[in-house]
Amino acid sequence: MTFRLYDTATREVRDFVPLHEGEVGLYVCGLTVQSEPHVGHVRSGVNFDVLQRWLRAKGFAVTFIRNVTDIDDKILIKAADQGRPWYNLAGDMHRELTRAYESLNVAAPTYEPLATGHVPEMIELITDLIEAGHAYPATDGSGDVYFDVRSWADYGSLTRQGVDDMEPAADADPRGKRDPRDFALWKGRKESEPETASWPAPWGRGRPGWHIECSAMAGKYLGPAFDIHGGGYDLRFPHHENEQAQARAAGRPFASYWMHNAWITTAGEKMSKSLGNSLTIPAVLERYRGIDLRYYLVSAHYRSHVEFSFDALTEAATAFARIEHFLDRAGEVKVDLAALPDAFVAAMDDDLGTATATAVLHDTVREGNRALAAGEDASGAAIAVRTMLDVLGLDPADPAWAVTTGDDDKLTAAVDALVKGLLHERTVARAEKDWARADAIRDRITDAGIEVTDTPDGPTWTVN
RNA sequence: GGUGGGUUGGCCGAGAGGCGAGGCAACGGACUGCAAAUCCGUCUACACGGGUUCAAAUCCCGUACCCACCUCCA
């Protein structure tokens, strides 16, 4: 079956045709590492991880590049406020981001390039643009280099905007621009900025403009033309529009498809605008497992706006527990891509329809539970369920989750010994039909935060 | 001013001309000493007003409300 995806550039769902058969070059704009990652940030990570996993499941060899922006205005400002070097802030936040991705089982990309590691590639690209007449060094001696928006007729095509309809940039510093809409490729160093935040260039010391890094890095690792470029919805303009303009103006065809994930908001407001301290990943993971948060994110389509709430997250965790419980009851099975239900494949092939795919997952769980209730073999359903979860990055048996569960084996063994002793006493009481004593023992265990479940094979316990 | 998106049952959340997505919650039943889990059943929704059509949540026109982007936000 053909994979189809919604292309932001054409505003329609269309067949995915790779440039090279069997291969996919995927570039995703990662984060600017300036603060702790929140739920909204990782949605992008999870969405594109699902894309990458699905493409691999379909047999594509995927080269996945997801960058990290480790130098920009905000990093410099925040680091200065905190009284520490900008690279220390960027480094710390980068580690936080990696931890957040790991705790949500977001697979590492093929490579995660840093902006600061690719200044020569950017200088090369900027030089090409100047030679082609699409960029110019500012005449005011600032050392800035700008992209000449008026020189590129196609400018605005990605977001269907005419240059004349755009609001002129309100940003304070139009030093040396020919047109207010021209954007910086290179920013000359200002006296107020640390020496470490500048690199030598033909136009004087300075640092990269925001957009140039992605064009340069995508070009380096994926070539002048590649398949899919992704990122958050807000990056369409100016970031992606500018990336495309500067790459194409330099003679590189750039991305064939553009994908953008929608927002997570709180109280109807963009997360980055709300305070959202309780919504950083470390804070959320104090209350919920990573796998539950991932399920919550995956159960909505990537282009749907999600209004975040802890109630909805709790509901998602309950729904996911139902799936896990079925797998527990059905016993061990192996992942087998051939076992994916047709409806699941169709849903995923249709622009990554994870919400519909989730419905198939639940249908299969019910089918399996029905078989178990009838005393029949449920291994077929179990294999299908586990494989679907695997494709979505939600397989509970994936060792990746062990990172967050942090089980202390010794402690577990000790508790197990104690609880088993009590459960044995209860089993004896039940055998004597001494229900009062049996329930008293269970209450004691429950009070300790442990849940007892009776099964045909005897009682089991889990920590709440 | 320009560009784009949204409004679906108690709640979350799919679908995009006909065939009740799915989950959560609730209620009834089965099973269980009681629970839990599970199974069966019940709850027939698409912002509003027109229109097109044999048939509209879905297409068209209008209205209301909400949201995003318009030069360094996932």
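Side-chain atoms are counted along with the backbone in the values below, which use heavy atoms only and exclude waters and symmetry mates. Each chain gets a letter, A, B and so on, in the order its sequence line appears, and its residues count up from 1. Predicted model only: the values in this text are computed from it and were never measured.
Summarising the base pairing, rA26(B) is matched to rU42(B) through a Watson-Crick or G-U wobble pair whose two defining distances lie under 3.5 Å. Of all nucleotides present, only rA47(B) satisfies the Watson-Crick or G-U wobble test against rU63(B), with each distance under 3.5 Å. Look at rA14(B): it lacks any Watson-Crick or wobble partner with both distances under 3.5 angstrom. Across every strand in view, rA68(B) sits in a pair with rU3(B) that passes the Watson-Crick or G-U test at under 3.5 angstrom. Under the Watson-Crick or G-U wobble criterion, with both distances below 3.5 Å, rC34(B) has no partner in any strand shown.
Side-chain N/O atoms of Arg11(A) include one lying less than 4.0 angstrom from OP1 or OP2 on rG4(B). Considering only side-chain N and O atoms, Ser304(A) lies under 4.0 angstrom from the phosphate OP1 or OP2 of rA14(B). Of the side-chain N and O atoms in Asn369(A), one or more sit less than 4.0 angstrom from OP1 or OP2 of rC39(B). In terms of phosphate contacts, Arg366(A) brings a side-chain nitrogen or oxygen within less than 4.0 Å of OP1 or OP2 of rG23(B).
Judged by distance alone, with hydrogens and angles left aside, the side-chain atoms of Arg181(A) form no donor-acceptor pair with the main-chain N or O of Val149(A) at under 3.5 Å. Tyr136(A) contributes a side-chain N or O that, together with a main-chain N or O of Arg178(A), makes up a donor-acceptor pair within less than 3.5 Å.
Atoms CD (Glu241(A)) and C1' (rC69(B)) sit 11 Å apart, rounded to a whole Å. What separates NE2 of His305(A) from C1' of rA14(B) is a distance of 16 Å, to the nearest Å.
Counting atom types as modelled, Arg370(A) pairs no side-chain N or O with a base atom of rC40(B) as donor and acceptor under 3.5 Å. Arg322(A) contributes no side-chain N or O that forms a donor-acceptor pair with the base of rG23(B) under 3.5 Å.
Nucleotides of RNA chain B nearest to Asp234(A) and Val365(A) differ in position, and the one nearer the 5' end is that of Val365(A). Along RNA chain B, the nucleotide nearest Ala316(A) and the nucleotide nearest Pro208(A) are compared for position; the residue whose nucleotide lies closer to the 5' end is Ala316(A).
Residues Trp461(A) and Asp416(A) form a side-chain contact, since some pair of their non-hydrogen atoms from C-beta on lies under 4.5 Å apart.
A donor atom on one side chain and an acceptor atom on the other are not found under 3.5 Å apart for His301(A) and Tyr6(A).
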